[in-house]
Amino acid sequence: MPNSMPLEMRTASQPFFSIIVPTYNNADYLRKCIHSIQNQVFRDWEAIIVIDGSPDDAFLVANRMSDEDERIRIINKIRNEGTHLARKSGVELAQGKYSMFVDADDELAPNALFALSKLAHEQSFDVLHFGTELFGTDMPDPVCADILRLSNRTLPTLQGSDIVASSFSAQDEFRQDWRVLQRLYRTNLLKSAFKVMSSDRLVRGEDSYEWLVIASLASTELFYNNVIAYRYYLGRGITTFHPMSKDKFASLCTNYGMLVQRASAYADQFTVFDLSPCVRGLRHRLIEMLFGDWYVRLSDKDKIETIDTATKSFTPLEVAAELMRLSRDDAYSHWDAGDSFDPQARYVQWKEIAEKLAGTNVTPQYTDYRNQAIRHFLDLKTRNSKSENKMSFFKKHLTFLKK
């Protein structure tokens with residue numbers, strides 16, 4: 001029995017837009033998501049709802065709406081396969097001239113399709129990057145602000161290899177995001193890209209791999225971030241700051257390692273230009289994301305116990321560099337809070353573990369992190385000395401007053 005069961009409701013002619021909406025365990029938001037599509041002034045679209053083996057009533061919600069609106073098509077998967085394969089299934093079925101992705105817990109902004117259709121008629125492009133507005137759910141304000149700033153960064157028109165380099169090359173300063181949600185694609189490009197992508201289950205961070213492939217095949221990317229077309233609800237889905245278990249972290253390590261492997265395999269067979277620097281950039285950013293979760297979501301005890309786990313997906317030196325980076329950041333946060341140096345503090349422990357992992361085979365980046373960490377340690381120790389001198393001064397004068 002096949003896993004995907006498409007319920008095809010075809011329009012009489014090719015729609016202008018195909019909107020692909022994967023859904024898993026977010027039926028509570030799916031109705032609002034679909035309504036945000038139906039409420040568009042521009043009406044020449046199809047919505048492909050991919051029910052990814054969801055245990056909730058997402059199929060019932062989508063099916064009821066499909067019965068009332070023939071532009072809504074459904075792929076009902078028996079087994080959950082993850083967002084990447086859900087998108088892949090949706091792209092295969094897409095009939096529109098242009099396509100875009102919307103997560104089921106997000107929405108299209110009002111009049112988004114009208115504005116995008118106007119640009120599509122006026123401009124020639126493979127990819128059009130549009131603007132987003134962000135609503136954080138139980139997310140720190142600085143995190144929301146940083147994501148929104150990166151998401152809406154406007155760049156000049158990019159062509160050829162500059163498109164993929166702008167997201168993945170350190171030399172290009174990772175100028176643009178890699179989220180596939182905030183872009184309109186020529187459907188033929190999207191079909192070509194997803195056809196050569198892996199058919200493995202990719203659980204988190206799949207946008208990095210998908211955008212690497214899409215961007216490598218694109219000829220022109222335009223930026224119209226003044227057109228706010230997407231409403232991103234950060235914190236509703238899997239992006240969260242909630243505590244993480246050791247097993248969950250191990251799964252994340254494995255998944256990120258697989259993303260790097262699949263990106264490397266694609267780059268090896270790609271011959272138009274050298275993609276290897278971009279794969280290195282992807283690898284670097286994924287391990288930064290991994291240790292961002294490690295720092296924020298694991299208990300201090302679990303942090304230490306999962307370091308060996310991380311070295312199974314990334315090299316010991318890469319892990320050492322991240323530990324040293326976080327040792328630096330943690331030491332600085334204590335200095336900024338007015339604390340003094342504590343030889344038992346976790347930032348000291350992380351530095352010692354990093355040095356053992358790195359050994360003598362260090363990189364310039366690791367050395368830079370280490371030098372910065374040591375400088376913060378010295379700043380904290382200087383504060384200790386000043387406190388001790390001040391205490392000695394008060395003790396001396398207190399003794400004098402008592403005489």
Side-chain angles (χ1 to χ4, degrees), residues 84 125-127 129 146-147 149-151 153-180 182-183 185 189-190 192-198 200 202 204-223 252-292 310-325 358 361-370:
H84 168 61
F125 59 85
D126 287 324
V127 183
H129 191 291
D146 285 346
I147 292 175
R149 183 165 51 251
L150 177 60
S151 299
R153 181 180 293 170
T154 295
L155 300 179
T157 296
L158 297 175
Q159 295 181 329
S161 61
D162 288 342
I163 299 174
V164 65
S166 67
S167 289
F168 296 101
S169 173
Q171 290 183 339
D172 215 30
E173 299 179 342
F174 307 113
R175 289 187 295 160
Q176 70 162 314
D177 63 283
W178 63 32
R179 294 174 64 237
V180 301
Q182 203 176 332
R183 292 174 168 92
Y185 307 92
L189 166 69
L190 214 55
S192 296
F194 272 84
K195 186 176 181 179
V196 297
M197 288 185 199
S198 170
D200 292 321
L202 304 174
R204 187 176 171 198
E206 65 278 345
D207 284 43
S208 61
Y209 166 69
E210 291 171 352
W211 175 238
L212 178 84
V213 177
I214 296 168
S216 70
L217 298 175
S219 297
T220 305
E221 181 182 18
L222 303 182
F223 290 81
L252 196 57
C253 288
T254 301
N255 186 71
Y256 282 176
M258 181 182 292
L259 285 172
V260 173
Q261 291 172 6
R262 297 300 173 265
S264 298
Y266 174 73
D268 288 343
Q269 57 85 38
F270 186 80
T271 58
V272 180
F273 51 85
D274 184 12
L275 261 182
S276 57
C278 294
V279 174
R280 289 194 295 271
L282 178 147
R283 183 184 185 101
H284 171 73
R285 291 183 64 189
L286 282 176
I287 193 172
E288 277 194 343
M289 287 170 52
L290 178 68
F291 272 85
T311 61
K312 295 176 182 177
S313 297
F314 296 91
T315 68
L317 185 54
E318 287 174 314
V319 174
E322 288 304 300
L323 286 174
M324 195 63 76
R325 177 177 67 86
N361 183 28
V362 298
T363 61
Q365 181 186 62
Y366 170 86
T367 302
D368 189 38
Y369 288 154
R370 184 178 184 276

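- Between the side chain of Ser167 and the backbone N or O of Val164 there is no donor-acceptor pair closer than 3.5 Å.
- With Glu210 contributing its side chain and Val180 its backbone, the two residues share no donor-acceptor pair below 3.5 Å.
- A side-chain donor-acceptor contact under 3.5 Å links Ser313 to the backbone of Cys253.
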Evaluate the criterion side chain to side chain contact (heavy atoms under 4.5 Å, CB included) for residue pair Arg283 and Leu286; output intermediate values, then yes/no.
CA-CA 5 Å; Arg283 183 184 185 101; Leu286 282 176; 5.9 Å; no

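- Interatomic distance, Tyr366 OH to Glu322 CD, rounded to the nearest 0.5 Å: 12.5 Å.
- Electrostatic pairing of Arg183 and Asp177 counts as a salt bridge here, judged by a charged N lying under 4.0 Å from a carboxylate O.
- Between Arg179 and Ser151, the closest side-chain pair of non-hydrogen atoms falls below 4.5 Å.
- At a threshold of 4.5 Å between non-hydrogen side-chain atoms, the residues Val196 and Phe270 do not count as touching.
- Contact of the Ile214 side chain with the Glu221 side chain is not registered, since no non-hydrogen atoms from C-beta on lie closer than 4.5 Å.
- When atom types are taken as modelled, the side chain of Tyr266 and the backbone of Tyr209 share no donor-acceptor pair closer than 3.5 angstrom.
- Proximity of His129 to Leu158: side-chain heavy atoms (C-beta onward) are nowhere separated by under 4.5 Å.
- The pair Glu288-Arg285 fails the salt-bridge criterion, with no side-chain N (NZ, NE, NH1 or NH2) lying under 4.0 Å from an Asp/Glu carboxylate O.
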